[in-house]
Amino acid sequence: MFIAVQDRDQEFLTKAVEEAYRGVECGDGGPFGAVVVRNGEVVVSCHNLVLQQTDPTAHAEVTAIREACKKLDRIELSDCEIYASCEPCPMCFGAIHLSRIKRLVYGAKAEAAIAIGFDDFIADALRGTGYYQKAHLEIKRADGKEAIIAEQVFEKTKAKFQLY
């Protein structure tokens, strides 16, 4: 069984790497690919579309999750696995978590992407290390009336949502 799982992992991870090459060759985005698999079958195979879509959130994993959800017509992928050519960034990891994917297999470590110029914030954020020097973002929670109104939306709409 272990060998079969290893072989399957290698097969799907190879597809993710092929997607990474495909995305770079056609100019769609960075060298990242992802494959969503369900019951041993590829649901979708995607690559980074950041440049093609002019969308900084169109990473391979996010794109694959979006496409898999559309194809399967649901918002959770709890019976699916995702294969990523590289260690997911915090945004992609968050999307993987929120989609309830049951298993993640990745190839390259984040340092491989960092070595060719991708933001080192990725590895630092994943590991909880380093100082986020490149995150020039002020974060402030609203207070007073605005915060109360924003919090009330959850209480006032909870009956309309049965997510899972």
Side-chain angles (χ1 to χ4, degrees), residues 16 19-20 23-24 27-39 42-114 116-164:
E19 276 292 337
V24 171
D28 287 346
F32 304 95
V35 176
V36 173
V37 174
R38 180 177 176 226
N39 299 325
V42 173
V43 177
V44 295
S45 183
C46 299
H47 54 261
N48 184 293
L49 296 173
V50 168
L51 300 176
Q52 190 262 347
Q53 293 185 359
T54 319
D55 178 356
T57 69
H59 290 195
E61 299 91 334
V62 171
T63 301
I65 289 167
R66 288 173 180 163
E67 293 302 314
C69 286
K70 285 180 196 171
K71 187 170 184 178
L72 298 173
D73 194 29
R74 58 189 202 191
I75 62 168
E76 60 84 28
L77 302 171
S78 60
D79 59 348
C80 296
E81 301 168 295
I82 191 164
Y83 292 81
S85 63
C86 186
E87 185 175 7
C89 74
M91 177 187 69
C92 292
F93 185 79
I96 291 165
H97 171 74
L98 291 172
S99 68
R100 306 292 193 254
I101 286 175
K102 67 179 178 180
R103 186 167 180 257
L104 160 67
V105 177
Y106 69 88
K109 291 186 64 103
E111 285 79 5
I114 293 163
I116 65 165
F118 285 90
D119 200 338
D120 61 356
F121 171 80
I122 296 170
D124 286 345
L126 282 169
R127 292 173 182 80
T129 60
Y131 176 71
Y132 305 129
Q133 297 172 357
K134 295 185 180 182
H136 301 289
L137 171 66
E138 178 185 348
I139 300 172
K140 177 189 180 295
R141 182 179 180 272
D143 53 13
K145 185 177 170 183
E146 295 82 13
I148 293 168
I149 291 169
E151 288 178 1
Q152 287 174 343
V153 71
F154 296 102
E155 185 62 32
K156 290 180 178 182
T157 63
K158 72 180 178 184
K160 295 183 183 199
F161 292 98
Q162 299 295 320
L163 293 179
Y164 303 106

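Quick note: residue numbers are just sequence positions, from 1.
Heavy atoms only, all atoms of each residue included: Ala20 and Gly33 are closest at CB-N, 3.7 Å. Among all heavy-atom pairs drawn from Gly27 and Leu51, the shortest one is O-CB, 3.8 Å. Taking every heavy atom of both residues into account, Ile96 and Pro88 meet most closely at CD1-CG, 4.0 Å. The heavy-atom pair separating Pro31 from Ile116 by the smallest distance is CG-CD1, 4.2 Å. Nearest heavy-atom pair across Asn48 and Gly29 is OD1-CA, 3.3 Å. Residues Cys46 and Glu67 share a closest heavy-atom pair of SG-CG, 4.1 Å.
Taking CD of Glu87 as the start and CZ of Phe93 as the end, the distance is 10.0 Å to the nearest 0.5 Å. Taken to the nearest 0.5 Å, the OH atom of Tyr106 stands 12.0 Å off from the OG atom of Ser85. Separation of atoms CZ (Arg66) and NE2 (His59) is listed at 10.0 Å; rounding is to 0.5 Å.
With a 4.5 Å cut-off on side-chain heavy atoms, Ile82 and Ile65 count as touching. Looking at heavy atoms from C-beta onward, His47 lies out of side-chain contact with Thr63 at the 4.5 angstrom threshold. By the 4.5 Å heavy-atom criterion applied to side chains, Cys80 and Leu72 are counted as neighbours. Residues Glu19 and Tyr83 form no side-chain contact, since every pair of their non-hydrogen atoms from C-beta on lies 4.5 Å or further apart. Side-chain contact between Leu104 and Glu81 is absent, with no heavy-atom pair separated by less than 4.5 Å.
Between Glu76 and Arg100, none of the side-chain N atoms (NZ, or NE/NH1/NH2) sits under 4.0 Å from a carboxylate O, so this pair counts as no salt bridge.
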| query | Are Cys69 and Leu77 close enough, and set up right, to give a side chain to side chain contact (heavy atoms under 4.5 Å, CB included), and what steps lead you there? | reply | CA-CA 7 Å; Cys69 286; Leu77 302 171; 4.0 Å; yes
| task | Report the C-alpha separation of Phe32 and Phe118 in whole Å, then their side-chain angles, then the decisive distance to 0.1 Å, and conclude whether the ring-ring contact (aromatic ring centres under 6.0 Å, His included) test is met. | result | CA-CA 11 Å; Phe32 304 95; Phe118 285 90; 5.0 Å; yes
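Shown here are the side-chain contact (heavy atoms from CB on, under 4.5 Å) partners of Asp79, two or more places apart in sequence or in another chain: Arg38, Arg74.
Lys71 places a side-chain N or O within 3.5 Å of a backbone atom of Val43 that can act as its donor or acceptor partner.
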